[in-house]
2 protein chains.
Amino acid sequence: MTKSTNNVSKRERDCLILLKEESRGDFPMRLHEIASTMHIKPPSALNIIRRLKTKGFVEAQDGMIKLTDLGDRLSKSILMVHRTFESLFCQSGVPESRACREAGEIDFLINSENAMKVLKRIDNPASCPHGKPIKA
Amino acid sequence: MTKSTNNVSKRERDCLILLKEESRGDFPMRLHEIASTMHIKPPSALNIIRRLKTKGFVEAQDGMIKLTDLGDRLSKSILMVHRTFESLFCQSGVPESRACREAGEIDFLINSENAMKVLKRIDNPASCPHGKPIKA
DNA sequence: TCATGCATTAGTATAGTACTAACGATATTA
DNA sequence: TAATATCGTTAGTACTATACTAATGCATGA
């Protein structure tokens, strides 16, 4: 499939971002929750989790699935790229929801240093169209 | 692998672009040429060609491999997106060769209408950093 | 005619994605 | 307490994309 420097596939990316955005400190996500949010069955989700564990981005204890420090850093980086390109698309006149979808297709493929340069080029917005901060 | 609206994978994209850029009217490419340019063995290249044929982007006669009209249109569209993002990266300060590589990772994933909007946003350059026209 | 080169087929392998069926453990609840 | 439900997990299947080697078949030029 398609990989980046960070070596994550599209669905691994989806899962990482889900864990980053949906986990609330004391309430790490559980497998069934991940599966249903990703619209796949638990064994499929487990397969993705397994790969993310192997790569060191995720750890699981007692059914609680959470990001490692490495996974947290990668998620932040992907989100920064995502919000940068989402902002670019929105500034260009692409409707917000399409901009988000489009950004999600490429955010895990683009080098974060290059994205930072693009961010500057598009006038350094502080937050994405949803209002989330671009630079963590 | 990763697919777009146009349903081509990364290597299918590479092959399409190669055919678009290297074919010279009377000299369509041959399998061995495609394979060696893509740094793969002929059977691997043939496999990609087979998929592109199935999808209607490529046709072969007497060992001559060329784009169909549909394939030509798709290649043009991908190149437009490529050059748009390449220009964006260059304008942002990313070195040309990196800009090209980065653009190549995403050009087949991005909707061309959205890319046209981005092109306008980045001041409508007529040509990419290599001097090739962006709008065919 | 024979060797070379090229296209093609067959078979293997790996990664990613997703499914069903089945099993084991735990927890709820009737 | 016993039955049921829920959840995680394993095993097995399948399909796409990617790339390989080995072998076969065809055509052309020496």
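Remember, predicted model here, so these are calculated numbers, not experimental data. The sequence lines fix the lettering, A, B, ..., with proteins before strands; numbering per chain opens at 1.
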Open item on the list: At less than 4.0 Å, is any side-chain N or O atom of Arg11(B) found next to OP1 or OP2 of dA19(D)? Yes or no.
Closed with: yes

- [ ] Kindly indicate whether the side chain of Ile34(A), heavy atoms from C-beta on, has any atom under 4.5 Å from the side chain of Leu46(A).
- [x] no

Task: Closest to the Ile48(A) side chain, choosing from dA18(C), dA19(D), dG16(C) - done: dA18(C)

- [ ] Ignoring backbone atoms, test whether Ser9(B) places a side-chain nitrogen or oxygen under 4.0 Å from the OP1 or OP2 oxygen of dT16(D).
- [x] no

- [ ] Mind calculating the distance between NZ (Lys53(B)) and P (dA7(C)) to the nearest angstrom?
- [x] 11 Å

Open item on the list: From CG of Asn47(B) over to C1' of dT21(D), roughly how many Å is that when rounded to an integer?
Closed with: 14 Å

Open item on the list: From C-beta outward on Pro42(A), which listed nucleotide comes closest to its side chain: dA10(C), dT9(D), dC6(C)?
Closed with: dT9(D)

Open item on the list: Of the options dA11(D), dG8(D), dC20(D), whose atoms approach the side-chain atoms of Leu31(A) most closely?
Closed with: dG8(D)

TODO: Have a look at Arg51(B) and say if it touches a base, only the backbone sugar-phosphate, or nothing, with a 4.0 Å heavy-atom cut-off.
DONE: base

TODO: Check whether any side-chain N or O of His32(A) sits under 4.0 Å from OP1 or OP2 of dG8(D), and answer yes or no.
DONE: yes

Task: Spacing of Asp62(A) atom CG relative to dA27(C) atom C1', expressed in whole Å - done: 15 Å

Task: Lys20(A) backbone acceptor or donor facing Ser23(A) side chain under 3.5 Å - done: no

TODO: Figure out the CD/P separation between Glu12(A) and dA18(C), and round it to whole Å.
DONE: 11 Å

Open item on the list: So, does Ser44(B) get its side chain near the phosphate of dT18(D), meaning an N or O under 4.0 Å from OP1 or OP2?
Closed with: no

TODO: Answer yes or no: is there a side-chain heavy-atom contact under 4.5 Å between Asn124(B) and Leu119(B)?
DONE: yes

Task: Gap between atoms CZ and P, on Arg30(A) and dA27(C) respectively (whole Å) - done: 10 Å

Task: Note: Lys132(B)-Glu21(B) ion pair, threshold 4.0 Å (strictly below) - done: yes

Task: Length of the CD1-P vector between Ile49(A) and dT10(D), whole Å - done: 13 Å

Task: Interatomic distance, Leu46(B) CG vs dG25(D) P [rounded to whole Å] - done: 17 Å

Open item on the list: OP1 or OP2 of dA17(D) versus the side-chain N and O atoms of Lys55(B): is any pair under 4.0 Å?
Closed with: yes

Open item on the list: Can you measure Lys41(B) atom NZ to dC20(D) atom C1' for me and round it to whole angstrom units?
Closed with: 9 Å

Open item on the list: Strictly distance-based, threshold 3.5 Å: is any side-chain N or O of Ser87(A) a donor or acceptor partner for the main-chain N or O of Arg83(A)?
Closed with: yes

- [ ] Look at all strands and tell whether Ile40(B) reaches a base, only sugar-phosphate, or nothing, counting heavy atoms closer than 4.0 Å.
- [x] sugar-phosphate

